[in-house]
Amino acid sequence: YKNPHYAPGRTTMVHLFEWKWDDIAVECERWLGPRGFGGVQISPPNENLIIWSRNRPWWERYQPMSYRLITRSGNEQQFANMVRRCNNVGVRIYVDAIINHMTGHAEENVGTGGSTANFGEWHYPAVPYGRNDFNWPHCVIDSSDYVNDAHRVRNCELSGLKDLNQATEHVRRMIVNYMNHLINLGVAGFRIDAAKHMWPSDLRIIYNRLNNLNTAHGFPSGARPYIYQEVIDLGGEAVSRNEYTPIGAVTEFKFGLELSGAFQRNNQLRWLVNWGTPWGLLASNDALTFIDNHDNQRGHGAGGNILTYKQARPYKGAIAFMLAHAYGFPQLMSSFVFDDTEAGPPMDRSGNIISPAINSDNTCGNGWVCEHRWRQIYSMVVFRNVAGNAPMTNWWDNGSNQIAFCRQGRGFIAFNNDSWNLNQNLQTCLPAGTYCDVISGQRNGNNCTGKRITVGNDGRAIISVGSNDYDMMLAIHVGSES
Ligand code: QV4
Ligand code: CA
């Protein structure tokens with residue numbers, strides 16, 4: 001369950017938060033496939049409660065009404081079409097699976113597919129679920145439970161969301177049917193929402209009942225779905241991430257918290273010399289890594305000061321470090337613009353999501369940020385693919401916030417987060433030649449649109465990153481030789 005089953009040479013997925021299936025299909029074909037992205041995490045595809053009383057917040061999608069594939073992102077036919085088209089260009093689809101609970105909002109009761117429920121009676125006829133399928137007697141998780149009471153974290157409601165009992169055969173069967181339906185349609189794996197709130201022993205049984213990935217979509221025979229479980233564990237809680245690593249990968253929330261701190265100069269970059277398990281991170285193979293996610297970029301979920309697209313310069317630095325470093329399985333966030341932390345995606349008056357516009361410089365419009373289309377970010381996805389399994393070597397730092405390292409023989413990166421210039425003769429571990437920096441520009445035929453770096457026969461080069469440069473890093477790799 002820990003292999004994402006990316007197409008060969010691909011390493012990185014992007015969360016296209018609240019995108020429509022038709023738009024993801026075309027994005028796979030025109031951008032993600034050609035640029036070497038490995039996969040897409042999509043928003044929950046199952047029917048959710050429509051919440052007009054809060055003007056269709058993004059979080060309505062975390063209130064399931066049924067497992068029918070019909071949401072503001074599209075219907076089942078559009079979903080199937082997206083998965084097929086993305087797989088055809090080597091881009092995998094990962095589903096955000098909400099299997100801990102149903103709805104938690106009492107005032108409205110119609111879903112995106114027209115299903116209704118009787119919230120007060122624990123009655124969801126479109127699944128169907130009834131009162132016996134939920135944990136009983138009902139209770140709501142208090143903040144103190146997270147510290148003291150793993151039982152209540154698993155068996156009480158997460159902010160009033162009706163809490164399913166995954167120990168019952170009927171609930172297991174409904175969940176497994178839903179997930180297997182998605183596997184048959186060609187998805188490669190799942191984000192398990194709110195995994196902390198379910199018993200690992202129940203989850204193990206559910207995972208073991210899942211089908212192998214669909215070979216008609218290009219997966220090897222016998223391939224198990226990739227499973228990464230949302231467990232926020234910054235330490236000091238009754239539930240530990242270590243309870244979940246035996247059954248799948250886990251979202252590593254310390255990763256983005258620590259890197260956000262370092263790139264905001266709350267910590268010197270030189271300390272990143274031993275980035276990884278010495279920092280208290282999960283084993284690399286167990287970790288789904290990211291800087292921000294859809295929750296913590298807007299103050300939901302885990303605490304802490306997290307970098308987002310709103311602090312573009314240090315954010316790009318942190319993302320570049322994530323992608324250059326060998327640790328973990330990285331995921332990029334792709335956002336819509338927001339000020340109101342509850343606001344849903346760009347939509348018209350009827351609540352239909354408005355598609356992103358694509359500008360001539362490849363960036364997005366219509367209220368979409370599309371971080372995955374920022375040159376400094378997509379170029380680093382290529383860097384990671386090119387680096388492959390090459391070991392990290394030749395760490396250099398200036399004792400402060402200037403650092404550099406190699407991916408031996410494949411790539412080299414330097415960062416300057418100090419308030420003075422970086423000018424050094426450094427070992428790049430690359431063959432002699434002339435290379436284009438993929439941060440300040442790119443290779444254009446035999447020319448570079450940004451900085452050009454000359455690597456000598458000894459592998460050394462003069463590396464310059466001014467403290468006032470537009471970006472704080474410089475990256476070259478064997479694919480950027482001019
Ligand atoms: C309100 C009150 C409750 C009350 C309840 C009863 O706040 O005290 O009990 O009404 O009616 C929304 C509202 C929330 C509301 C709730 C129920 O924000 O105020 O409760 O609905 O109607 C997202 C949002 C939540 C949202 C939820 C469902 O973040 O705000 O709640 O969707 O719409 C912990 C967990 C972790 C979780 C994280 C947010 O360990 O698993 O909190 N993260 C995941 C998702 C996240 C999602 C959920 C879990 C739930 O990443 O996006 O929550 O599926 O850390
Ligand atoms: Ca639960």
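These numbers come from the heavy atoms of this one structure, side chains and all, not from hydrogens, waters or symmetry mates. Remember, it's 1-based here, ligands and their atoms both numbered in the order they're listed. Counting from 1, the numbers follow the sequence of the chain as shown.
Listed by number with element, the atoms of ligand 1 under 4.0 Å from a non-hydrogen atom of W58 are 23 (C), 24 (C), 29 (O), 52 (O). Taking every heavy atom of H101 and a limit of under 4.0 angstrom, the matching atoms of ligand 1 come to 50 (C), 54 (O). Set against the non-hydrogen atoms of H294, the atoms of ligand 1 under 4.0 Å away are 45 (C), 46 (C), 51 (O), 52 (O). Of all atoms in ligand 1, listed by their number and element, those nearer than 4.0 Å to a heavy atom of G160 are 9 (O). The A194 neighbourhood of ligand 1 comprises atoms 41 (O), with distances under 4.0 Å to a heavy atom of that residue.
Nearest protein heavy-atom contact of atom 35 (C) of ligand 1 is H197 NE2, 3.2 Å. Of the protein's heavy atoms, E230 OE2, 3.6 Å lies nearest to atom 37 (C) of ligand 1. Among protein heavy atoms, atom 53 (O) of ligand 1 sits closest to Y62 CB, 4.3 Å. Of all protein heavy atoms, the one closest to atom 22 (O) of ligand 1 is G104 O, 2.8 Å. Counting only heavy atoms of the protein, atom 55 (O) of ligand 1 lies nearest to I232 CD1, 3.4 Å. Of the protein's non-hydrogen atoms, the one nearest atom 34 (C) of ligand 1 is Y146 OH, 4.0 Å. In this structure, atom 12 (C) of ligand 1 lies nearest to the protein heavy atom W59 CE3, 3.5 Å. The protein heavy atom nearest to atom 25 (C) of ligand 1 is H300 ND1, 3.9 Å.
Because its NZ or CZ atom is both nearer than 6.0 Å to the ring centre of F119 and within 45° of the ring axis, K162 counts as a cation-pi partner of that residue. For the pair R56 and W52, the distance from NZ or CZ to the six-membered ring centre is under 6.0 Å and the angle to the ring normal is within 45 degrees. A cation-pi arrangement, defined by a distance under 6.0 Å to the six-membered ring centre and an angle within 45 degrees of its axis, is absent between R10 and F37. A cation-pi contact, defined as under 6.0 Å to the ring centre and within 45° of the axis, is absent between R407 and F383. Note that R373 lies outside the cation-pi zone of W368, set by a 6.0 Å cut-off to the ring centre and a 45° limit from the axis. For R224 and Y1, the positive end is not near the middle of the six-membered ring at less than 6.0 Å and at most 45° from its axis.
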Worksheet entry | Stepwise ring-ring contact (aromatic ring centres under 6.0 Å, His included) check, Y124 with Y129 | CA-CA 5 Å; Y124 293 85; Y129 284 138; 7.2 Å; no

Worksheet item: Run the ring-ring contact (aromatic ring centres under 6.0 Å, His included) check on F336 and F17 step by step: do they pass?
Response: CA-CA 8 Å; F336 55 81; F17 182 47; 5.3 Å; yes

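Put simply, no part of Q229 is less than 4.0 Å from ligand 1, judged by heavy atoms. Taking 4.0 Å as the cut-off, R61 does not count as a neighbour of ligand 1 on heavy-atom distance.
Taking the charged nitrogens against the carboxylate oxygens, D193 and R191 do have a contact shorter than 4.0 Å, which makes a salt bridge.
With G301, A195, S159 as candidates, the residue nearest to atom 4 (C) of ligand 1 on a non-hydrogen basis is S159. Looking at Q63, H105, K196, E107, it is Q63 that brings a heavy atom closest to atom 21 (O) of ligand 1.
Of the residues listed (M82, E29, Q78, R85), the one engaging I24 in a side chain to side chain contact (heavy atoms under 4.5 Å, CB included) is M82, and it is the only one.
Put simply, atom 19 (O) of ligand 1 has no protein non-hydrogen atoms near it, under 4.0 Å away. Proximity of atom 32 (O) of ligand 1 to the protein is indicated by at least one non-hydrogen atom lying closer than 4.0 angstrom. Distances from atom 7 (O) of ligand 1 to the protein include no heavy-atom value under 4.0 Å. Within a 4.0 Å radius of atom 16 (C) of ligand 1, the protein contributes one or more non-hydrogen atoms. There is a protein heavy atom closer than 4.0 angstrom to atom 39 (C) of ligand 1.
Between Y226 and M13 the shortest side-chain heavy-atom distance falls below 4.5 Å. With a 4.5 Å cut-off on side-chain heavy atoms, F329 and Y228 do not count as touching. A 4.5 Å side-chain heavy-atom check between N81 and W21 finds every atom pair outside the cut-off.
The CH2 atom of W58 lies 7.5 Å from the CD atom of E342; values are rounded to the nearest 0.5 Å. The structure places OG of S115 at 12.5 Å from OH of Y67, a figure rounded to the nearest 0.5 Å. Distance check, rounded to the nearest 0.5 Å: CZ of R173 to CZ of R209 gives 7.5 Å. A distance of 9.5 Å separates OG of S53 from CD of E60, quoted to the nearest 0.5 Å.
Ligand 1 has a nitrogen or oxygen under 3.5 angstrom from a nitrogen or oxygen of D295. Considering backbone and side-chain N/O of D193, one or more are found under 3.5 Å from N/O of ligand 1. Distances between N or O atoms of E60 and those of ligand 1 include no value under 3.5 Å. The shortest N or O to N or O distance between E342 and ligand 1 is not under 3.5 Å.
Heavy atoms of R191 found under 4.0 angstrom from ligand 1 belong exclusively to the side chain.
For the Ca ion (ligand 2), the set of protein N/O/S atoms nearer than 3.0 Å consists of N100 OD1, R154 O, D163 OD1, D163 OD2, H197 O, ordered by chain and number.
When all heavy atoms are compared, the tightest approach of D471 to I439 is CB-CG2, 3.6 Å.
R154 contributes a side-chain N or O that, together with a main-chain N or O of K196, makes up a donor-acceptor pair within less than 3.5 Å.
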